[in-house]
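Everything on this sheet refers to the single structure shown next.
Numbering starts at 1 and runs along the sequence shown.
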Amino acid sequence: MSVLNTESICLRPESAADKTFLLYLYISTRDKEMAQTGWSRTEISTFLTQQFEAQYLSYRQYFPDATYQVIEYQGEAIGRLYLQRGEDEYRLIDVSLLPEFRNQGLGGQLMQTILDEATEKEKRVTLHVEQFNPAYRLYERMGFVQVEERGIHLFMEWHSD
């Protein structure tokens, strides 16, 4: 059961001023993985900053028309939602939440909003997810099916029918 007041959740366009928060958010999604490397904090920070910058630029290169939004709770940034609304499909590029906001139903609510819009527009929804990402279970519950395996990522899609 969610402890969040969903009326206090909003999405707003990302701006250049959000980049520090976005880096912090990205690092929070890789904490467990990096803890297993044996690297120093400095090495981890350098590596993750480079990875974030590469991802940041890559997303904008491959999805120039996507909506890049910051998720806010009671006016504070708590996550990001990147969505490409294409001619044939909606591509969920990324959805990430700070650790303290995960597993409270917010991801499911955001996904349901996207699925409802896709249904209305008669679009399929696609995404890539790492095989061991906990969000994989959420996507399965919401009706996404694996279409193919692409390295460490699974390509999944959802249809309204």
Salt-bridged, [X] to [Y], with N to O below 4.0 Å?
X: D88; Y: K123; result: no
X: E117; Y: R85; result: yes
X: E53; Y: K19; result: yes
X: K121; Y: E89; result: no
X: R150; Y: E148; result: yes

Minimum-distance pair of heavy atoms, taken over all atoms of [X] and [Y]:
X: D18; Y: P13; result: OD2-O, 4.2 Å
X: S28; Y: L98; result: OG-CD2, 4.2 Å
X: E157; Y: H159; result: OE2-NE2, 2.9 Å
X: R12; Y: S15; result: NH1-N, 4.5 Å
X: I78; Y: L25; result: O-CD1, 4.3 Å

Same cluster or not: [X] versus [Y], using hydrophobic residues (I, L, V, M, F, W, Y) connected whenever any side-chain heavy atoms lie under 4.5 Å apart?
X: V145; Y: L154; result: no
X: Y68; Y: L57; result: yes
X: I152; Y: L92; result: no

Would you find a donor on one side and an acceptor on the other, under 3.5 Å apart, between the side chain of [X] and the backbone of [Y]?
X: T37; Y: E33; value: no
X: T67; Y: L83; value: yes
X: T119; Y: L115; value: yes
X: W158; Y: T126; value: no

Q) Once the angle between the rings of Y26 and F52 is folded into 0 to 90°, is it parallel (under 30°), tilted (30 to 60°) or perpendicular (over 60°)? A)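 Tilted, since the angle between the ring planes falls between 30° and 60°.
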Non-hydrogen side-chain atoms of [X] and [Y] separated by less than 4.5 Å:
X: R80; Y: F21; answer: no
X: R124; Y: Y90; answer: no
X: F144; Y: M111; answer: yes
X: F47; Y: M34; answer: yes
X: S40; Y: I44; answer: no

Q. Step by step, would you call M156 with H128 a side chain to side chain contact (heavy atoms under 4.5 Å, CB included)?
A. CA-CA 6 Å; M156 302 182 81; H128 284 96; over 6 Å; no
Q. So, is the end of the R60 side chain (NZ or CZ) under 6.0 Å from the ring centre of Y56 and within 45° of the ring's axis?
A. yes
Q | Nearest-0.5 Å distance that lies between atom CG in L11 and atom CG in L110 | A | 6.0 Å
Q: Quick one: pull up CD1 in I9 and CD1 in I71 and give me the separation to the nearest 0.5 Å.
A: 8.0 Å
Q. Is the Y73-F101 ring centre distance short of 6.0 angstrom?
A.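 Yes, the ring of Y73 comes within the 6.0 Å limit of the ring of F101, centre to centre.
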Q) By side-chain hydrogen bond (donor to acceptor under 3.5 Å, both in side chains), which residues pair with E76, not counting sequence neighbours? A) none
(Q) Is there a side chain to side chain contact (heavy atoms under 4.5 Å, CB included) between D94 and L81? Walk through the geometry before answering. (A) CA-CA 6 Å; D94 192 284; L81 176 65; over 6 Å; no
Q. Would T49 and Q51 count as a side chain to side chain contact (heavy atoms under 4.5 Å, CB included) if you check the C-alpha gap in whole Å, the side-chain angles of each, and the deciding distance to 0.1 Å?
A. CA-CA 5 Å; T49 299; Q51 292 290 299; over 6 Å; no
Q: Please check if any side-chain donor atom of S96 sits under 3.5 Å from a side-chain acceptor atom of R102, or the reverse.
A: no
Q | Side chains of E14 and Y82, donor plus acceptor under 3.5 Å | A | yes
Q. By the rule that ILVMFWY residues connect when side-chain heavy atoms come within less than 4.5 angstrom, directly or transitively, which residues belong alongside F155?
A.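 The other cluster members (ILVMFWY side chains, heavy atoms under 4.5 Å, direct or chained) are V147.
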Q. Where do Y136 and Q131 land on the side chain to side chain contact (heavy atoms under 4.5 Å, CB included) test, with the steps shown first?
A. CA-CA 7 Å; Y136 175 78; Q131 295 179 24; over 6 Å; no
